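What follows is a single structure, and I will ask about it in a moment.
All values reported here derive from a predicted model rather than from experimental measurement.
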Amino acid sequence: MNQSAIAVLVSVLATSSLSAETFSAEVWADNWFEMRVNGEKVAEDSVPITTERSFNAESFQFEAARPMVIGLVAKDFKENDTGLEYIGTGRQQMGDGGVILQIKDAAGETVAVSNSEWQCLVIHTAPLDKSCESEANPVAGQGSCSFDMTQEPVGWDLIDFDASDWPQANEFSAREVDPKDGYDEIDWVEGAELIWGPDLEQSNTVLCRLTIN
């Protein structure tokens with residue numbers, strides 16, 4: 001690399017470093033989340049999704065330069081692709097999800113909250129027929145226990161990804177989600193809403209994204 005190219009690279013890196021900001025985020029999820037910024041993971045729920053009733057809030061900081069894409073992977077617990085939990089017990093049921101977050105800059109100003117301005121794509125839906133919940137021997141992919149699953153689209157959490165065909169996030173009330181353990185420990189700003197896919201019970205894995213300019 002010649003001296004001119006090195007100078008340009010140093011200039012770019014310096015500009016990028018100077019434009020980076022420190023942000024603080026607070027997230028509550030039922031049951032689990034991972035947050036990415038421009039494709040890089042900045043936080044993951046500290047309680048494994050396999051933990052029964054894994055409800056908790058997370059607070060953390062990250063550095064990034066605007067514009068940036070916040071990519072949120074949110075999952076509700078399920079034992080298998082039936083989408084059910086407590087299978088074979090008297091509590092056999094479809095679980096329900098929900099996630100809420102807020103992001104503030106170093107000055108404490110709110111720069112993003114979860115609401116219907118986000119776009120959310122469901123990549124695991126189960127069961128497709130809710131009567132699966134009452135099956136004596138539910139088997140994923142059979143009868144009423146069919147499911148729909150796709151992979152994460154490549155680059156979905158990057159700034160240049162075309163998400164124009166993604167649906168808007170669905171907002172839900174606290175009464176509908178019934179958030180527990182950690183939710184009340186956060187002072188949620190006005191406008192921060194619980195979001196998810198179109199169905200709290202059937203939407204099991206949701207990818208949500210928002211561009212912050």
Side-chain angles (χ1 to χ4, degrees), residues 23-37 42-45 47 49 53-60 62 67-78 83 85 93-105 108-128 130 133 148-150 152-153 156-157 161-213:
F23 298 90
S24 60
E26 294 170 305
V27 185
W28 179 93
D30 178 0
N31 292 92
W32 181 92
F33 79 93
E34 177 183 297
M35 198 174 101
R36 307 171 187 170
V37 176
V42 297
E44 180 178 324
D45 199 322
V47 179
I49 194 173
R53 299 177 61 81
S54 58
F55 309 124
N56 63 292
E58 300 282 356
S59 300
F60 54 92
F62 64 91
M68 59 183 172
V69 169
I70 305 298
L72 191 73
V73 183
K75 297 182 180 182
D76 182 38
F77 173 73
K78 63 184 189 302
E85 55 187 15
Q93 63 180 10
M94 294 175 287
D96 54 0
V99 64
I100 183 172
L101 68 84
Q102 58 192 21
I103 299 173
K104 299 179 181 180
D105 62 18
E109 296 295 322
T110 301
V111 297
V113 295
S114 53
N115 56 29
S116 59
E117 294 183 6
W118 288 61
Q119 291 174 285
C120 293
L121 178 72
V122 180
I123 61 172
H124 189 281
T125 304
L128 297 183
K130 290 191 175 185
E133 185 179 44
D148 182 53
M149 180 172 61
T150 58
E152 292 187 21
W156 71 271
D157 48 9
F161 181 79
D162 181 9
S164 58
D165 60 344
W166 280 34
Q168 301 303 121
N170 293 84
E171 294 182 3
F172 295 92
S173 68
R175 181 178 179 181
E176 291 171 302
V177 175
D178 190 22
K180 306 174 180 67
D181 298 347
Y183 175 84
D184 291 334
E185 297 173 8
I186 304 297
D187 184 16
W188 301 107
V189 301
E190 183 178 356
E193 303 289 346
L194 289 150
I195 62 172
W196 203 246
D199 192 289
L200 286 173
E201 295 178 323
Q202 290 173 298
S203 303
N204 296 308
T205 300
V206 183
L207 309 178
C208 295
R209 56 172 275 144
L210 179 74
T211 300
I212 299 176
N213 293 306

Can you measure from CE (Met35) to CG (Asp45) and round to the nearest 0.5 angstrom? 13.0 Å

Validation row: Asn204, Met149 side chains within 4.5 angstrom (heavy atoms): no

Is it true that a side-chain atom of Arg209 and a backbone atom of Trp156 form a donor plus acceptor pair closer than 3.5 Å? yes

Sidechain-backbone polar pair: Gln93 side chain, Glu85 backbone, donor-acceptor under 3.5 Å: no

Between Cys120 and Ala169, what is the shortest heavy-atom contact and its length? SG-CB, 3.4 Å

Taking Ser114 for its side chain and Glu193 for its backbone only, find out whether a donor-acceptor pair lies under 3.5 Å. yes

Check: Lys78 and His124 side chains under 4.5 Å, non-hydrogen atoms: yes

Any idea which heavy atoms bring Glu133 and Met94 closest together, and the distance? OE2-N, 3.0 Å

Heavy-atom closest contact (Pro198 atom, Val122 atom, distance): CD-CG2, 3.7 Å

What is the minimum heavy-atom distance between Glu176 and Ser173, and which atoms define it? OE1-N, 2.8 Å

Please table the atom pairs, donor to acceptor, closer than 3.5 Å between any side-chain atom in residues 95-105 and protein atoms at least two apart or in another chain.
from, atom 1, to, atom 2, distance (Å)
Gln102, OE1, Val189, N, 2.9
Gln102, NE2, Glu26, OE1, 2.6
Gln102, NE2, Asp187, O, 3.3
Asp105, OD1, Ala107, N, 3.0
Asp105, OD1, Gly108, N, 3.1
Asp105, OD1, Glu109, N, 2.8

Check the orientation of Phe161 and Trp166. Use parallel for under 30°, tilted for 30 to 60°, and perpendicular for over 60°. perpendicular

Using a 3.5 Å distance criterion without hydrogens, assess whether the side chain of Trp196 forms a donor-acceptor pair with backbone atoms of Phe172. no

Is Asp148 reaching over with its side chain to a backbone N or O of Thr125, donor-acceptor style, under 3.5 angstrom?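 It does not hold such a pair.
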
As an exercise, state the distance from CD1 of Ile49 to OG1 of Thr205, rounded to the nearest 0.5 Å.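 Spacing of CD1 (Ile49) from OG1 (Thr205) equals 7.0 Å.
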
Side-chain donor/acceptor of Trp118 to backbone N/O of Val113, under 3.5 Å: yes

Does Gln168, at its CD atom, have more than 12 non-hydrogen atoms belonging to other residues, nucleotides or ligands within less than 6.0 Å?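 Yes, because the 6.0 Å sphere around CD of Gln168 holds more than 12 heavy atoms from other groups.
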
Below 4.0 angstrom, N of the basic side chain to O of the carboxylate: do Asp178 and Lys180 qualify?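 A salt bridge is present here (some side-chain N lies under 4.0 Å from a carboxylate O).
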
Grab the two heavy atoms, one from Asp181 and one from Trp28, that are nearest each other, plus how far apart they are. O-NE1, 3.5 Å

Can you tell me if Gln119 uses its side chain to pair, donor with acceptor, with the backbone of Ala163 under 3.5 Å? yes

Could you tell me which non-hydrogen atom of Asp162 sits nearest to which non-hydrogen atom of Asp165, and how far apart they are? O-OD1, 4.2 Å

Could you tell me whether a side-chain N or O of Asn31 sits under 3.5 Å from a main-chain N or O of Phe77, the two making a donor and an acceptor? yes

Hey, is the main chain of Ser116 close enough, under 3.5 Å, to the side chain of Glu171 for a donor-acceptor pair? yes

